[in-house]
Protein chains: 2
Amino acid sequence: MSKKDKATIHDIANKLGITASTVSRALNNHPRISARTKELVHEAAKEINYKPNSFAVALRNGRSRLIGIVIPTVNRNFFSSIVRGIEEYANERDYRVVITQSYDNYEKEKQTVNALIDAQVDGIMVSLGKTTTGLTHFKKAIDMGIPLVFFDRVAEELPVSQVVIDDFQASFLMTEHMIRQGYRRIAHFNSPMKINIFKERFRGYREALETYGLSVDPNLLIYSNLQLEDGRESVHTLLNKGISFDAIFSASDYSIVGAMQELKKNGIRIPEDVGLAGFGNEPFTEFTDPPLSTVDQVSIPMGQSVAKMFFELLENEGITLPIQKVVLTPKVIFRKSTQKTSP
Amino acid sequence: MSKKDKATIHDIANKLGITASTVSRALNNHPRISARTKELVHEAAKEINYKPNSFAVALRNGRSRLIGIVIPTVNRNFFSSIVRGIEEYANERDYRVVITQSYDNYEKEKQTVNALIDAQVDGIMVSLGKTTTGLTHFKKAIDMGIPLVFFDRVAEELPVSQVVIDDFQASFLMTEHMIRQGYRRIAHFNSPMKINIFKERFRGYREALETYGLSVDPNLLIYSNLQLEDGRESVHTLLNKGISFDAIFSASDYSIVGAMQELKKNGIRIPEDVGLAGFGNEPFTEFTDPPLSTVDQVSIPMGQSVAKMFFELLENEGITLPIQKVVLTPKVIFRKSTQKTSP
DNA sequence: CGATTAAATGCAATCGATTGCGCACAATTC
DNA sequence: GAATTGTGCGCAATCGATTGCATTTAATCG
C-alpha cells in the first residue's frame, strides 16, 4: 500500500461494473440511487479502504472543510483551551482546523490571515494581536465572503459577530474586593494598546474606585507590555519615585508575578503590606507564594460559544445573519494575595 | 472580489492571448518559455493578484505541501517552542503546518495520525503521547512512504530518525548537584510509563547515586502521572508513611510545584529542610518561591534540528536515507531550591 | 534556397470527485 | 395498449494546474 495506489471511486466502480458517477452518488446518498447499489458501494468502499481525496473534493466543490484560527499564541492556557474546544466542535462536523499564531505581531498577523485566505479556508476565527492597528486584512476576508468571527480581543469597528467576556465587570469586582479588604492606594498596570479588553479592564478599575469615593491617581497608573519583566520594572519605578501604594491590580497575570518578585526582593510582605491581583487565571497563579487573586476568563465556555456561533455562520452561507455579540461572565477568583484582613 | 472570481492561470492566459499551458510553464520557470513571455506572465499575475489554487496543485501533483505535527499538547512551553521553530523553517520553504494534539491519549493519537494520513500530508513529525503503547498507526505511515520523524518522546523500535535530548546526562548532573549540596536521601518522582525520556531520567538519577556511593531506596521512588496534584499527593504519602527524605528530584516541573506546595503547608523549609528539582524549565519554575532548579530541554535547537532532519527526508523522497539519531545536550539550571549550602 | 534543427507555444489528457442532462426501462394511468 | 410518470444509471463537462506530445515559426546549415 504505497502512496500511489490510494483507492478512488473509479476503483470501486470497476470492481462493481458501474460508473464513478453512480459511486459518487451512492456515497453521497443520492435519492436516485437504489438501496441495493448503495449497499454494494459502501461494502466495496470499506473493503478497499476508500477515503475521498480531499483535494479533489475541495477543488470541485470550492469548499475546503478547513477553518483557520488566528490567535496571539498557543502557549497560553486561555488560548489553548479555546482552541481545544473549537477543534472538538469542528472535528465532529468533519472540519479540520488550522491554528496560526500572530505572536502579537501585526505584520505576522497580516501574513497569517492572508495565508489562510490563499489556502482557501472556509472561515476564520480570530483573537487580535496586541499591536494590531489596521484591519484591512480582515476586511479583505469579509469582502471575499469568508465567514469571520472574533473572540476575546475583538475589533469593535468591524461588522462581525464576536464572543467576549465582561472584562469591565470582572475588573470592577476585583477592584471592589480590594477596596473592601482595606486597600486604598491601588496601583493599576495596563497596556497602552487600545484593544477592547484593556480599555474595559481600566474602566472597571476606575468605576470601582469612584463608586467607593476614591479617585484615580495618575501616579498609580503604569502602562507597559505586561510581561513578567515589565511587572518588575513597574514596581521598581513606583518604589524609586517614592510613590506610595498598598495594592496592585494588573491587567495581566504575567506582570503581577513580576511585581511580586520585585516586592519580595524589597522585603515587602504580600498581602499584608501590598495586595496583588492579576487577570487571566494562568495556572501558575496558583503556584505562587502567596497564591494570586485573578480572573478566570472561562475559556471552555468561550470556545464552545465561538464554535457554535461560527458554524451557524458557516451553515447559513450566503444568508446574512444579524451580527451577534455574546458576552460571557468571567469568574473572579479571590486568593491569599488580596486577603489583607485575615478571614 | 468575491470567493468565486479568484484569478486562475486561464485569466492570465486570456489577458495575454496565450494558453494556460504557457502560463503554467512561465510561472514555473520552464526553460522552453521565452524570457519575454515569462516577464509578461509575471506582470499579469501580479496585476490580477493571481494565487495558485493549492487544491488543484495538490490534486495534480499528488503532493500537498502540508506537514503534520503530532504532540501531546501545545500548552507547554517546550512543545510550543518546538512548533514555532518548525513552522518558521517550513514556511520559508512554502510548506504549511498542521498541528494536532494527542492530549497524551493513545486513541486520540491514532485518530489524529490517521486523519493526517487521510488529509494526505507530505510528512509527519511526532512526539509520542504518554499512554501510547501500539505503533501500528506509525507503521502504516511508514508503509505508505510518508516521511516520518520523531522528537523528544520517541519509539526506539521503529526505523525512524529522531531528535532527543540527553535525558540521562541531565538527570545525572542534577542528581549529582543535589548530592554535592549535601542532600543524601533524594526522593525521585517519575512516570510508570515506559517512554524513553522517563527511563533515561531514572537511569541518570540511579547512576549518580551509585557513583557517589549511595543506593536507590525503593521507598523514595514514587510513580505517578506527574501532574501538580500528583506531586502534592506524593509528598503527602511520603510524610504519612514517615519516610525520611531531604530532597526530591522529579521528572516533571508540574509535580515538583505540587510537592513544594504540600511541603510548605507542612512548614517544611525549602531548600533548608528539603531540596527540590524538576525537569522541563517551564516558565513558572522561575516564579515560585524559592525558584526551582530544573532542566532546560533546549526547545529552540530541537525545533531547528527536527525541521532540518525532516526536510532532508522530504527532499530526498524515494531515496532511503540512513536512520539518524541526533542527541542534543540539555541545560541544567541550578536555582535556589537546591542551594542547601549558602553561596 | 530548400532542408534541417532549435526555440516557443498549443493541444489534450490527467489528477479525483461531482453534477446537469439524457437515455433506457419499468411502473402507473386512463 | 398507448401515453405518462418514475426509477436507476451513464455520459461528459467541470474545478485549476501540470505535462507529454505535437505543431508552428524562426534560425541555421550546406
Subject >> Partner residues of A:F78 under the ring-ring contact (aromatic ring centres under 6.0 Å, His included) criterion, sequence neighbours left out >> reply: none
**OP:** Any salt bridge (Lys or Arg N to Asp or Glu O under 4.0 Å) involving residues 85-96 of chain A? Give me the pairs, sequence neighbours left out, ordered by first then second residue.
**Re:** A:R84-A:E88
Original post:
Are the charged groups of B:E43 and B:K15 less than 4.0 angstrom apart, N to O?
Top reply: no
Subject >> For atom NZ of A:K6 and atom P of C:dT14, their distance in whole Å >> reply: 21 Å
Subject >> B:R36 CZ to D:dA26 C1', straight-line distance once rounded to whole Å >> reply: 18 Å
Original post:
A:Y103: what forms a ring-ring contact (aromatic ring centres under 6.0 Å, His included) with it, not counting sequence neighbours?
Top reply: none
**OP:** Provide, to the nearest angstrom, the distance between the CD atom belonging to A:E39 and the C1' atom belonging to D:dG8.
**Re:** 16 Å
Original post:
Does B:T8 have a side-chain nitrogen or oxygen under 4.0 Å from the phosphate oxygens OP1 or OP2 of D:dG16?
Top reply: no
Original post:
Rounded to whole angstrom units, what separation is found between the CZ atom of B:F55 and the C1' atom of D:dT14?
Top reply: 17 Å
**OP:** Would you kindly check if the NZ (Lys) or CZ (Arg) of A:K108 is within the cone defined by 45 degrees around the ring axis of A:Y106 and under 6.0 Å from the six-membered ring centre?
**Re:** no
Subject >> Footprint string (nucleotides 4-9 of chain C, 5' to 3'): B base within contact, S backbone only, - free, heavy atoms under 4.0 Å >> reply: ---BBB
**OP:** Compare the minimum distances between each of C:dG10, C:dA17, D:dA12 and the side chain of A:S21, then state the nucleotide with the smallest one.
**Re:** D:dA12
Subject >> Distance in angstrom units between A:Q120 CD and D:dA17 C1', rounded >> reply: 12 Å
Original post:
Which salt bridge (Lys or Arg N to Asp or Glu O under 4.0 Å) pairs, counting each pair once, include a residue from residues 19-28 of chain A, with sequence neighbours left out?
Top reply: none
Subject >> Whole angstrom value for the distance that separates C1' of C:dG16 from CZ of B:R60 >> reply: 12 Å
Original post:
How many Å lie between CD1 on A:I9 and P on D:dC9, as a whole number?
Top reply: 15 Å
**OP:** Tell me whether the OP1 or OP2 atom of C:dT18 has a side-chain N or O from A:N28 closer than 4.0 Å.
**Re:** yes
Subject >> 5′-ward residue of the pair B:A20/B:L59 relative to DNA chain C >> reply: B:A20
Original post:
Bend angle of the helix from C:dC1-D:dG30 to C:dC30-D:dG1 from five-pair axes at both ends, rounded to 10°?
Top reply: 60°
Original post:
For the pair made of CG in A:N29 and P in C:dT19, what is the distance, rounded to whole Å?
Top reply: 13 Å
Subject >> Pairs involving residues 97-106 of chain A, ordered by first then second residue, that meet salt bridge (Lys or Arg N to Asp or Glu O under 4.0 Å) (sequence neighbours left out) >> reply: A:D104-A:R153
**OP:** Tell me which nucleotide among C:dG16, D:dT19, D:dG10 gets nearest to the side chain of A:A56.
**Re:** C:dG16
Subject >> B:R36: partners by side chain to side chain contact (heavy atoms under 4.5 Å, CB included), with sequence neighbours left out >> reply: B:S34, B:E39, B:L40
**OP:** Check ring-ring contact (aromatic ring centres under 6.0 Å, His included) between B:F311 and all other residues, then give those that pass, not counting sequence neighbours.
**Re:** B:Y89, B:Y95
